[in-house]
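One structure is given here, and the rest of the page talks about it.
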Amino acid sequence: MPYARRDPRPQRSREDGAGTGWAHGYAPTVPSTDSEQSSGRSRLGGGDDSSARTTTRPRTAVTQTLDRYVVAPARRVIGLEPTPPGGVVATLHGDEREAPGLNAAETAQLRNIRRFGAAGALLMTIGALGAGAQPVLQNPIAGVRFLSLPSRMATSALTVTMTGTVIVVLAWLLLGRFALGRTRSGATPRRLTRSQMDRTLLLWILPLCVAPPMFSRDVYSYLAQSEITARGLDPYEVGPETALGVDNVLTRTVPNIWRLTPAPYGPLFLWMGRGITYLTGENIVASIFLHRLLALAGVALIVWALPRLARRCGVASVTALWLGAANPLLLFHLVAGIHNEALMIGLMLAGTEFALRSVERPGVLRRTDVAFLVGGAALIALSSTIKIPSLIALGFVGMALSKRWGGTLRSVVYVAVLLGAIVITVQVAVSLGSGLGFGWINTLGTAGVVRSWMSIPTILGLGTGFVGVLLGLGDHTTAVLGLTRPIAAVVAGIIVVRMLIAVLRGRLHPVGALGVALGAVVLLFPVVQPWYLLWAVIPLAAWATTPSFRRPAIAFSALVSVILMPNGSEYQPFQIVQAAVMTILTVAVLYLLTRNRMPWPTRSQPPERDRRADEYAESS
């Protein structure tokens with residue numbers, strides 16, 4: 001259903017068990033009348049109806065044809081025409097009531113789930129001593145009698161790590177039964193409390209904080225690029241092999257594909273990396289732990305901002321935290337994998353929350369509101385100096401602010417000038433203050449050399465090229481990719497514009513529109529890594545509540561989390577098969593041992609009743 005604000009000022013509402021707070025001002029509306037449509041066109045066009053009536057001219061056949069076959073379809077594509085009820089995007093959201101806490105039996109089951117997940121994280125940490133992304137040189141466990149044992153038993157280490165990975169994913173799924181709410185019995189759904197969720201998340205994260213890097217070797221590229229920056233060289237011009245030498249201790253651990261490529265990251269991240277290098281020098285272990293602290297700071301920002309954005313959208317905070325912050329993709333790739341997406345997403349969400357505090361506050365903006373708006377915009381701009389895609393969030397904040405100021409073309413221009421000035425100020429300050437300049441703008445497409453199976457345009461290009469080879473037409477993969485990737489970029493741009501207009505017209509909440517837009521950018525991007533999915537999943541966790549979103553998000557998060565190898569590369573097929581078989585057997589034994597202590601799904605439950613969006617049932 002399309003969403004529009006009920007009133008220019010948000011209304012106070014008391015939710016069940018949630019206390020008093022500002023309700024999000026986006027509510028279902030009926031289709032616009034002809035007069036409303038014309039009024040909307042005039043607002044976007046900057047004119048008024050009276051002038052249009054006095055200057056109306058007879059329309060020629062050519063004008064009518066263009067309007068029917070060109071202008072009208074274009075307006076529908078980008079969302080300028082009124083959306084009928086039941087629009088696909090808007091129906092992903094439904095207000096979700098707060099629920100009472102768990103009873104004694106469920107609390108006992110929750111404790112068992114918490115311990116189950118912590119045991120899985122501990123197994124991952126132990127297995128990573130042999131199956132993780134260990135450094136080529138300066139491996140701290142090399143030669144240590146007990147700790148080096150997993151590294152001499154590759155298949156066993158892989159089995160332990162895979163078993164731990166599956167256990168954490170299963171624990172997360174079981175936790176979802178208490179985070180989403182249970183309604184199969186027909187009673188009021190019950191959810192765990194925020195403190196219970198925080199303790200669970202902390203217990204699962206702690207073992208991974210001391211584990212070797214897993215699932216990716218990108219952190220070693222971070223170290224090498226930071227060393228290049230510390231030496232006063234330009235990381236946007238030379239790669240690790242050229243700048244540091246092929247035999248350098250940091251270069252040796254960088255994946256071959258990235259040894260000659262310049263840094264694809266923004267100046268703020270490399271500026272912080274240079275500070276880490278000043279403290280640690282070429283000590284790989286110390287540098288890894290300091291980079292992990294940066295990732296944990298980003299995770300802390302996510303945990304702080306996500307429930308606040310969820311409450312702003314009328315979604316249960318613990319549900320948003322479960323799907324967003326406790327997601328195995330975040331645990332495995334942002335904490336264990338030490339990716340800078342943690343800091344990027346954390347700053348983006350924190351900035352969005354601060355800015356929306358100002359935008360959605362009723363009445364005249366006070367000094368504190370202006371400070372929140374400017375500070376939030378500055379945080380989003382800072383996140384873009386780590387990775388540029390997060391800058392999209394500022395567009396949705398701007399559209400929400402423009403709607404508050406009347407939703408006219410003039411207000412859009414004013415907001416664009418205001419926020420644009422903040423972005424330029426922050427990016428220029430960071431680029432010049434770091435001494436790295438603006439070379440990072442020229443390396444944004446560096447990752448495009450990778451052909452990712454998760455990218456829609458890339459997999460289409462690869463599939464077409466493969467079919468061409470089978471038919472004896474030759475390998476035209478590169479040529480096809482040169483066609484599919486630009487088309488995908490245009491489609492992604494159209495979706496982003498459509499979401500921006502939906503926020504301007506009040507049909508979607510800025511947080512939901514941001515999640516949809518980032519989802520389109522990620523899936524249509526030339527390169528998609530598993531942790532990129534968090535760009536969209538985390539914002540959508542604070543807004544989208546229906547099974548049509550949650551079920552695919554849960555299934556895809558669980559599947560992607562268990563299919564990647566923990567060393568960031570490949571194993572021999574026989575090793576993977578052996579480890580997978582042992583993992584399945586181990587998990588089956590654990591199921592038999594714990595089936596009476598944890599809420600495993602069973603077939604003996606009564607048939608499921610009809611559910612509402614605010615009473616989403618347990619995930620089986």
### Query
Nearest heavy-atom pair of Gly515 and Pro539: which atoms, and what distance?
CA-CB, 3.9 Å
#### Entry: Shortest non-hydrogen contact from Leu419 toward Ala377
CD2-CB, 4.0 Å
### Query
Which pairs, with at least one residue in residues 513-526 and sequence neighbours excluded, count as a side chain to side chain donor-acceptor pair (under 3.5 Å)?
none
Could you tell me whether the side chain of [Y] reaches within less than 4.5 Å of the side chain of [X], counting heavy atoms only?
X	Y	answer
Val503	Lys403	no
Leu110	Leu175	yes
Phe215	Met565	no
His333	Leu564	yes
Leu123	Thr161	no

Residues 520-527 side chain polar contacts: donor-acceptor under 3.5 Å, at least two apart:
none

Please identify each residue that fulfils side-chain contact (heavy atoms from CB on, under 4.5 Å) with [X], with sequence neighbours left out.
X	value
Leu592	Arg595
Thr464	Val480
Ile205	Leu201, Cys209, Leu296, Val299, Leu331, Val335
Asn103	Ala105, Glu106, Arg190

Which donor-acceptor pairs under 3.5 Å do the side chains of residues 391-402 make with protein atoms, sequence neighbours left out?
| residue | atom | partner | partner atom | Å |
| --- | --- | --- | --- | --- |
| Ser402 | OG | Ser411 | OG | 2.7 |
| Ser402 | OG | Val412 | N | 3.3 |

### Message
Applying salt bridge (charged side-chain N to carboxylate O under 4.0 Å, His left out), can you list everything that pairs with Arg357, at least two apart in sequence or on another chain?
### Response
Glu353
### Query
Taking only residues two or more places apart in sequence or in another chain, which ones pass salt bridge (charged side-chain N to carboxylate O under 4.0 Å, His left out) with Arg194?
Asp198
### Message
Can you confirm whether or not the ring centre of Trp543 sits under 6.0 Å from the ring centre of His509?
### Response
no
### Message
Would you say the ring centers of Trp322 and Trp172 fall short of 6.0 Å from each other?
### Response
yes
### Polar contact flag, side-chain donor to acceptor under 3.5 angstrom, Arg485-Thr458
yes
My understanding is that only residues two or more places apart in sequence, or in another chain, count here; which of them pass side chain to side chain donor-acceptor pair (under 3.5 Å) with [X]?
X	result
Arg308	none
Ser358	none
Thr583	Thr163

### Task
Give a yes or no on whether the backbone of Arg597 and the side-chain of Asn112 come within a donor-acceptor separation of less than 3.5 Å.
yes
### Task
If the plane angle is over 60° it's perpendicular, under 30° parallel, otherwise tilted; pick one for Trp600 and Phe116.
perpendicular
